[in-house]
Amino acid sequence: MGSPVFHLKDAIPEPFWLTQAGAPAPADPLDGVTTADLAVVGAGYSGLWTALIAKERNPSLDVVIVEAGTAGWAASGRNGGFCAASITHGFDNGMSRFPDEMDTLLRLGQENLDEIGAAVDRYAIDCDFHRSGELHVATEEWQWRELQAGFAAEAAHGLDVELLDRDAVRAEVDSPTYRGAVLDRTGCALVDPARLAWGLRQACLSLGVRIYENSPVQRVAASSAALTLHTWRGSVRARQVVLATGAHGRLLKRLQQFIVPVYDYALMTEPLSEAQLAAIGWRNRQGIGDSGNQFHYYRLTADNRILWGGYDAVYFNGGRIEPSHDQRESTFKVLADHFATTFPQLEGLRFTNKWGGVIDCCSRFSAFFGTAHGGRLAYAAGYTGLGVGATRFGAKVMLDLLAGAPTELTRLKMVRSKPVPFPPEPVRSGVIQLTRWSIARADANQGRRNLWLRTLDAMGLGFDS
Ligand SMILES: Cc1cc2nc3c(=O)[nH]c(=O)nc-3n(C[C@H](O)[C@H](O)[C@H](O)COP(=O)(O)OP(=O)(O)OC[C@H]3O[C@@H](n4cnc5c(N)ncnc54)[C@H](O)[C@@H]3O)c2cc1C
């Protein structure tokens, strides 16, 4: 029997979410000279949450956002829409790096997810926000062993998790590849990512934030009185600045040692019929992630399509960010093949969209924070593929850092410490490609990590999406 056939040929090369109806008309570019109390660079989730929370804390603050493209065009509008409570890129990663403050980080993450849900309600953001939970599935014995060990630790730290054996997980979602799963009942919401970005943009406008789009900031100039953002046609003179530029950050040189741009890719299917959906179950509509080092993430949309992404995390040598990298046919083919293996019942289903986007990977996989220009500029970056929820936490950290007085957030080791820097190019490319090769070998070899990966583990270093 050949493998099932799935159709990629008609897939359009655009992020499904961003092609939906309802995109706001772009705001005018920055033209001329203006001033602000707080100027935010970037209108992804990070910048939008920062501006919104700044206005909620102090409605009289004059806040401006300056965005190179349009709000949400980048990672924030094209992601999988898994809005996780975890602010540490998962429990295991958090435990390995911040064991002493993990209980605090878990609490802060849960509060953050609750507050995102409350903000979605408060501003009536139409973004299909549902706390559907997440299934972490094992498709190999070694993954199942690791999941069971992880489950025990998560349960001991009070996470709302349940262990599902093969029959139990297949009763939830029926894939012949499943060996077992951990169901995280409350630690993840699913969201329509572009509509969340567009809704946050509208919420900002409703509170009086001024937004300039299609206005790349070329440089930040500092004087004793103010910081000034310069674009081609204008400038903003501000008392304080937030850099919320994700993987695109080039404005602050010191950030470049900590983040590398990593491309992640996704496919979207056409809507499933009732019969197709019945063939795979999935009544509870959880988000799903599998448990290899190279992992897939997948979920249903409101109209019962399946978003299927992940696995290949690609670093282009030299670290260039280019629109042409958003399409990668070899990765789309691999993803389609893996989809066929996971859901053979859906043979013949078509993919309607294929796209990629860039994430800001740092060596500890979870965000880092800091200030520059005498505490007048704050930044957060390094969310590494789990920033949909965590960027809101990062926004609060940046505002606390700018306010100056120590808070619970700014006292955290996670906030005070930095990831290990990546080496400069061309060594950086060599190191990352060796790591990617080793990760693929480990997945093919019962999870066994070679000497290189074990060395990186011992140093607390890594590469992920
Ligand atoms: C394919 C894909 C799938 C993903 N899936 C998930 C998921 O399911 N769950 C999850 O938690 N995370 C996921 N992520 C990661 C998540 O999308 C990001 O962590 C998050 O969106 C980061 O938000 P951000 O605001 O920091 O960055 P971005 O959304 O990248 O926004 C940064 C903004 O800054 C602007 N900017 C940069 N430089 C300048 C400048 N000089 N002047 C003006 N503006 C500038 C950019 O134009 C951009 O709009 C995924 C990412 C990708 C690419």
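One-based numbering, in listed order, for ligands and for the atoms of each. Just so it is clear, the structure is predicted and the values come from calculations on it, not from any experiment.
Note: Ser291 OG to Asp443 CG = 10.5 Å, rounded to the nearest 0.5 Å.
Checked by atom type, the side-chain pair Arg436/Gln433 shows a donor-acceptor distance below 3.5 Å. A side-chain N or O of His157 and one of Asp103 form a donor-acceptor pair less than 3.5 Å apart. In this model, a donor atom of one side chain and an acceptor atom of the other lie less than 3.5 Å apart for Gln20 and Asp192. Side-chain contact of Ser417 with Arg364: a donor-acceptor pair under 3.5 Å is present, judged by distance alone. In this structure, a donor-acceptor pair under 3.5 Å is absent between the side chains of Arg219 and Thr228. A side-chain N or O of Thr407 and one of Asp400 form a donor-acceptor pair less than 3.5 Å apart.
For the side chain to side chain donor-acceptor pair (under 3.5 Å) criterion with Arg305, the lone passing option out of Asn353, Thr352, Thr269 is Thr352. Residue Leu52 is tested with Leu207, Val209, Ile65 for a side chain to side chain contact (heavy atoms under 4.5 Å, CB included); the sole match is Leu207.
Ring planes of Trp308 and Tyr298: tilted class, angle from 30 to 60°. Ring pair Phe351/Phe339 is perpendicular by interplanar angle, where above 60° counts as perpendicular and below 30° as parallel.
Proximity of Val388 to ligand 1, defined as any heavy-atom pair under 4.0 Å, is shared by backbone and side chain alike. In Val66, the part holding a heavy atom less than 4.0 Å from any atom of ligand 1 is the backbone. Only side-chain heavy atoms of Thr391 come within less than 4.0 Å of ligand 1; its backbone N, CA, C and O stay farther off. Of the heavy atoms in Pro216, only backbone atoms (N, CA, C, O) come closer than 4.0 Å to ligand 1. Only the backbone of Val358 comes within 4.0 Å of ligand 1, counting heavy atoms alone; no side-chain atom from C-beta on gets that close. Contacts of Ala266 with ligand 1, taken as heavy-atom pairs under 4.0 Å, are absent altogether.
Contact atoms of ligand 1 toward Leu251: 41 (N) (distance under 4.0 Å to a heavy atom of the residue). Shown in contact with Ala74 at under 4.0 Å from a heavy atom are these atoms of ligand 1, numbered in order with element: 30 (O), 48 (C). For ligand 1, the atoms lying closer than 4.0 Å to a non-hydrogen atom of Ile359 are 51 (C), 52 (C), 53 (C). The Ala244 neighbourhood of ligand 1 comprises atoms 32 (C), 33 (C), 34 (O), with distances under 4.0 Å to a heavy atom of that residue. Residue-ligand proximity, Val41 to ligand 1, at heavy-atom distances under 4.0 Å covers atoms 40 (C), 42 (N), 43 (C), 44 (N). Close contacts between ligand 1 and Arg78 involve ligand atoms 1 (C), 2 (C) [criterion: under 4.0 Å to a heavy atom].
Salt-bridge annotation for Lys354 and Glu329: present, with a side-chain N of the basic residue lying under 4.0 Å from a carboxylate O of the acidic one. Using a cut-off of 4.0 Å between Lys/Arg side-chain N and Asp/Glu carboxylate O, Lys333 and Asp337 are scored as salt-bridged.
For the pair Leu307 and Trp17, the minimum side-chain heavy-atom distance is below 4.5 Å. The closest side-chain heavy-atom distance from Thr391 to Thr50 is not below 4.5 Å.
When the heavy-atom distances from atom 50 (C) of ligand 1 to Thr70, Asn214, Asn79, Thr50 are ranked, the shortest goes to Asn79. Taking only non-hydrogen atoms, the option from Trp49, Tyr297, Tyr265 nearest to atom 3 (C) of ligand 1 is Tyr297. When Ser76, Gly287, Pro193 are ranked by how near their heavy atoms come to atom 20 (C) of ligand 1, first place goes to Ser76. The closest non-hydrogen atom to atom 9 (N) of ligand 1, taken over Phe82, Tyr212, Trp73, comes from Phe82. Closest heavy-atom approach to atom 42 (N) of ligand 1 within the set Leu386, Val217, Val40: this belongs to Val217.
For atom 26 (O) of ligand 1, the nearest non-hydrogen atom of the protein is Ser46 CB, 3.5 Å. For atom 5 (N) of ligand 1, the nearest non-hydrogen atom of the protein is Gly80 N, 3.0 Å. The shortest contact between atom 53 (C) of ligand 1 and any protein heavy atom is with Gly357 C, 3.4 Å. Shortest contact from atom 16 (C) of ligand 1 to any protein heavy atom: Gly387 N, 4.1 Å. For atom 27 (O) of ligand 1, the closest non-hydrogen atom on the protein side is Gly246 CA, 3.8 Å. Nearest protein heavy-atom contact of atom 2 (C) of ligand 1 is Asp264 OD2, 3.5 Å. Among protein heavy atoms, the minimum distance from atom 39 (C) of ligand 1 is reached at Thr245 CG2, 3.7 Å. Distance from atom 45 (C) of ligand 1 to its nearest protein heavy atom, with residue and atom name: Ala68 CB, 3.7 Å.
Side-chain atoms of Glu154 do not come within 3.5 Å of backbone N or O of Leu159 as any donor-acceptor pair.
For a threshold of 3.5 Å applied to N or O pairs, the pair formed by Gly72 and ligand 1 contains no separation below that value. Between Gly385 and ligand 1, a contact under 3.5 Å exists for at least one N or O pair. Considering backbone and side-chain atoms together, Glu67 places an N or O closer than 3.5 Å to an N or O of ligand 1. Polar contact with ligand 1: present for Ala75 (N/O pair, distance under 3.5 Å). No N or O atom of Trp355 sits closer than 3.5 Å to an N or O atom of ligand 1.
A cation-pi contact, defined as under 6.0 Å to the ring centre and within 45° of the axis, is absent between Arg254 and Tyr379.
Assignment of Gly309 to the shell around ligand 1 is not supported, since no heavy atom sits closer than 4.0 Å. Assignment of Ala247 to the shell around ligand 1 is not supported, since no heavy atom sits closer than 4.0 Å. For Gly81, the closest heavy-atom approach to ligand 1 falls below 4.0 Å.
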Practice task
Applying side chain to side chain donor-acceptor pair (under 3.5 Å), run through Thr35 and Arg239 and close with a yes or a no.
Solution key: CA-CA 9 Å; Thr35 60; Arg239 201 163 48 78; over 6 Å; no
Exercise for the section: Go through Glu56 and Arg122 one step at a time and tell me if the salt bridge (Lys or Arg N to Asp or Glu O under 4.0 Å) criterion holds. Expected result: CA-CA 12 Å; Glu56 288 177 340; Arg122 190 161 63 252; 2.9 Å; yes
